[in-house]
Amino acid sequence: MAAPSWGLAAARAGVRPRLPAARRCGGAPAAGPPDAGVLPQQTEERPGSGAAAPGPRQVPSEKSESFASMLRRSPLIQMGPAKDKIAIGRIFHVVEDDLYIDFGGKFHCVCKRPEVDGKKYQKGTEVRLRLLDLELTSRFLGATTDTTLLEADAVLLGLVESKQTKQKE
Amino acid sequence: DDKLLSEPLSHPDFFNVKELFSLKDLFDARVHLGHKKGCRHRFMEPYIFGCRLDQDIIDLDQTMQHLQLALNFTAHIAYRKGIILFISRKRQFCHLIESTARECGEYAHTRYWQGGLLTNAHIQFGPGVRLPDLLIFLNSLNNVFEPHVAIRDAAKMNIPTVGVVDTNCNPCLITYPIPGNDDSPTAMELYCKLFRMTIIRAKDKRRQSEVFSELR
């Protein structure tokens with residue numbers, strides 16, 4: 001696998017990988033730069049959050065990437081089945097105890113405010129989620145199409161680690 | 001005056017709407033994400049690129065073409081001083097659409113649609129009412145996942161429609177369908193931004209052309 005896993009960790013930490021990507025790809029078409037959805041080598045995958053931009057391009061591509069190639073490299077496809085994958089989301093709306101979290105999929109998920117560090121979950125906070133389903137749908141008896149709840153399903157694990165470690169210090 | 005109206009029609013993309021968006025913008029705004037396979041509408045199959053782990057992916061190459069046609073048409077309508085009505089029944093984006101319409105100087109209807117608004121207009125609003133010249137559907141379904149009544153009514157009243165159709169929508173009666181995601185906030189903001197920019201651009205072009213023709 002040519003895709004480096006450090007690119008994924010670096011993108012998550014906010015550091016932007018610069019030259020190595022361009023040099024490595026050499027003669028390959030400009031659709032090379034590693035975005036956050038790089039093929040992981042670990043069993044636990046960490047797709048890029050909805051908040052992080054998909055991979056910086058320092059080399060402006062003359063030949064623009066095709067849709068099929070963009071799709072293939074996107075975090076959503078690289079992630080695979082959504083069941084039990086860890087993702088980072090951002091809270092974009094709060095209604096008392098309900099947190100509406102956007103993690104980069106089609107829909108947002110709604111989670112209850114946890115008892116631990118409850119006050120820290122405000123609009124704009126980044127949180128860790130374990131995804132269960134990207135869209136809650138079900139075919140009911142007698143229906144021709146599925147009924148959709150227009151929501152994703154995820155379990156809230158906690159705040160993004162870096163914040164917690166900073167506060168411990 | 002004749003030249004003012006006929007000149008834009010001779011160019012395929014008089015208002016250069018192609019430069020307003022790119023494939024990357026659509027991709028980053030999650031326009032290609034569709035609903036699950038079970039929610040798919042049969043007539044949306046030509047616009048679907050494929051199905052990945054039960055989730056439909058919309059073909060963005062086709063979306064680009066349809067979006068360019070739709071924006072071009074909207075620009076021409078705005079250039080000719082047509083009335084544009086934005087319609088959506090999604091409460092999440094109701095405020096966004098109403099503010100977009102206000103910024104363009106056009107109209108929006110994001111509340112419950114009463115039966116005869118278009119077909120019974122002369123009785124409901126009084127005689128001599130001017131109906132909209134274009135309806136733009138940013139969500140073509142209503143709250144109970146049925147096609148919005150205004151699609152059928154616009155077809156009855158010969159009013160052209162532009163509509164964003166997701167994988168669970170029926171694109172049949174819409175004149176310029178735009179296959180794309182209508183559920184994510186990023187996608188809706190992108191559509192609103194594109195429509196706002198085209199309408200403002202077309203109106204400015206019209207004002208410029210009128211000034212030039214007056215100078216002559």
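Everything numeric in this text was worked out from a predicted model, so none of it was measured. In what follows, chains carry the letters A, B, and so on, assigned in the order in which the sequence lines appear, proteins first and then strands, with residues in each chain numbered from 1.
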J.: Taking side chain as everything from C-beta outward and backbone as N, CA, C, O, which of these in B:Asp54 sits under 4.5 Å from a heavy atom of chain A? Side chain, backbone, both or neither.
T.: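 For B:Asp54, there is no contact with chain A at all, as no heavy atom is under 4.5 Å.
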J.: Classify the ring geometry between B:Phe27 and A:Phe67 as parallel (under 30°), tilted (30 to 60°) or perpendicular (over 60°).
T.: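 B:Phe27 vs A:Phe67 ring planes: perpendicular.
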J.: Can you say whether A:Thr148 sits under 4.5 Å from chain B via the side chain, the backbone, both, or neither, judging by heavy atoms?
T.: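 Backbone plus side chain of A:Thr148, per the 4.5 Å heavy-atom cut-off to chain B.
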J.: Within the 4.5 Å heavy-atom criterion, are B:Lys36 and A:Asp133 side-chain neighbours or not?
T.: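 A side-chain contact exists here, since the closest heavy-atom pair is under 4.5 Å.
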J.: So, for B:Asp182 and A:Lys106, which heavy atoms are closest and what is the spacing to 0.1 Å?
T.: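 Closest approach of B:Asp182 to A:Lys106: N-NZ, 4.5 Å.
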J.: Quick check: are there more than 12 heavy atoms from other residues, nucleotides or ligands sitting under 6.0 Å from CZ of A:Arg130?
T.: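 No, CZ of A:Arg130 has 12 or fewer neighbouring heavy atoms, counting only those of other groups under 6.0 Å.
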J.: So with a 6.0 Å cut-off around CZ of B:Arg102, is the heavy-atom count from everything else above 12?
T.: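 Count not over threshold, so no.
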J.: Please classify the contact between A:Ser66 and chain B as side chain, backbone, both or neither, with a heavy-atom cut-off of under 4.5 Å.
T.: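 For A:Ser66, backbone heavy atoms alone lie under 4.5 Å from chain B.
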J.: Rounded to the nearest 0.5 Å, what separates atom CG in B:Leu33 from atom OG in A:Ser74?
T.: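 Rounded to the nearest 0.5 Å, the CG-OG separation comes to 8.0 Å.
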J.: Distance from B:Asn168 atom CG to A:Thr137 atom OG1, nearest 0.5 Å?
T.: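 Interatomic distance, B:Asn168 CG to A:Thr137 OG1, rounded to 0.5 Å: 11.0 Å.
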J.: What are the two closest heavy atoms between B:Gln55 and A:Leu134, and how far apart are they?
T.: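 The answer is OE1-CD1, 3.8 Å.
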J.: Return the CG to CG distance between B:Asp59 and A:Leu71, rounded to the nearest 0.5 Å.
T.: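 So the gap between those two atoms works out to 10.0 Å.
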J.: Would a distance-only check, ignoring hydrogens and angles, find a side-chain to backbone donor-acceptor pair under 3.5 Å from A:Thr145 to B:Cys39?
T.: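 Such a contact is absent between A:Thr145 side chain and B:Cys39 backbone.
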J.: Under a 4.5 Å heavy-atom cut-off, does chain B meet the side chain of A:His93, its backbone, both or neither?
T.: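 Neither; nothing under 4.5 Å.
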J.: Near B:Lys37 NZ, under 6.0 Å, is it more than 12 heavy atoms from other residues, nucleotides or ligands?
T.: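 At most 12 heavy atoms, drawn from other residues, nucleotides or ligands, come within 6.0 Å of this atom.
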J.: Check the surroundings of atom OH in B:Tyr107: do more than 12 heavy atoms from other residues, nucleotides or ligands lie under 6.0 Å from it?
T.: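 No, not enclosed.
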J.: Given that the side chain runs from C-beta out, which part of B:His35 has a heavy atom under 4.5 Å from chain A: side chain, backbone, both or neither?
T.: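 Backbone plus side chain of B:His35, per the 4.5 Å heavy-atom cut-off to chain A.
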J.: Is it true that, when you exclude B:His11 itself, more than 12 heavy atoms of the residues, nucleotides or ligands shown sit nearer than 6.0 Å to its NE2?
T.: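 Yes, enclosed.
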J.: The test is side-chain contact (heavy atoms from CB on, under 4.5 Å); show your working for A:Leu150 and B:Lys90 and say whether it passes.
T.: CA-CA 11 Å; A:Leu150 302 178; B:Lys90 261 255 166 101; 3.9 Å; yes
J.: Evaluate the side-chain proximity of A:Asp102 to B:Thr186: yes if any heavy-atom separation is below 4.5 Å, no if none is.
T.: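 They are not in contact (no side-chain heavy atoms under 4.5 Å apart), so the answer is no.
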J.: Return the minimal non-hydrogen interatomic distance between A:Gly105 and B:Ser184, and the atom names on each side.
T.: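 Closest pair (atom of A:Gly105, atom of B:Ser184, distance): O-OG, 4.0 Å.
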J.: Side chain, backbone, both or neither: which part of B:Leu53 has a non-hydrogen atom closer than 4.5 Å to chain A?
T.: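 Answer is side chain: those atoms of B:Leu53 sit under 4.5 Å from chain A.
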J.: Is B:Leu26 in contact with chain A via its backbone, its side chain, both, or neither, using a 4.5 Å heavy-atom distance?
T.: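 When you check distances to chain A, no heavy atom of B:Leu26 falls under 4.5 Å.
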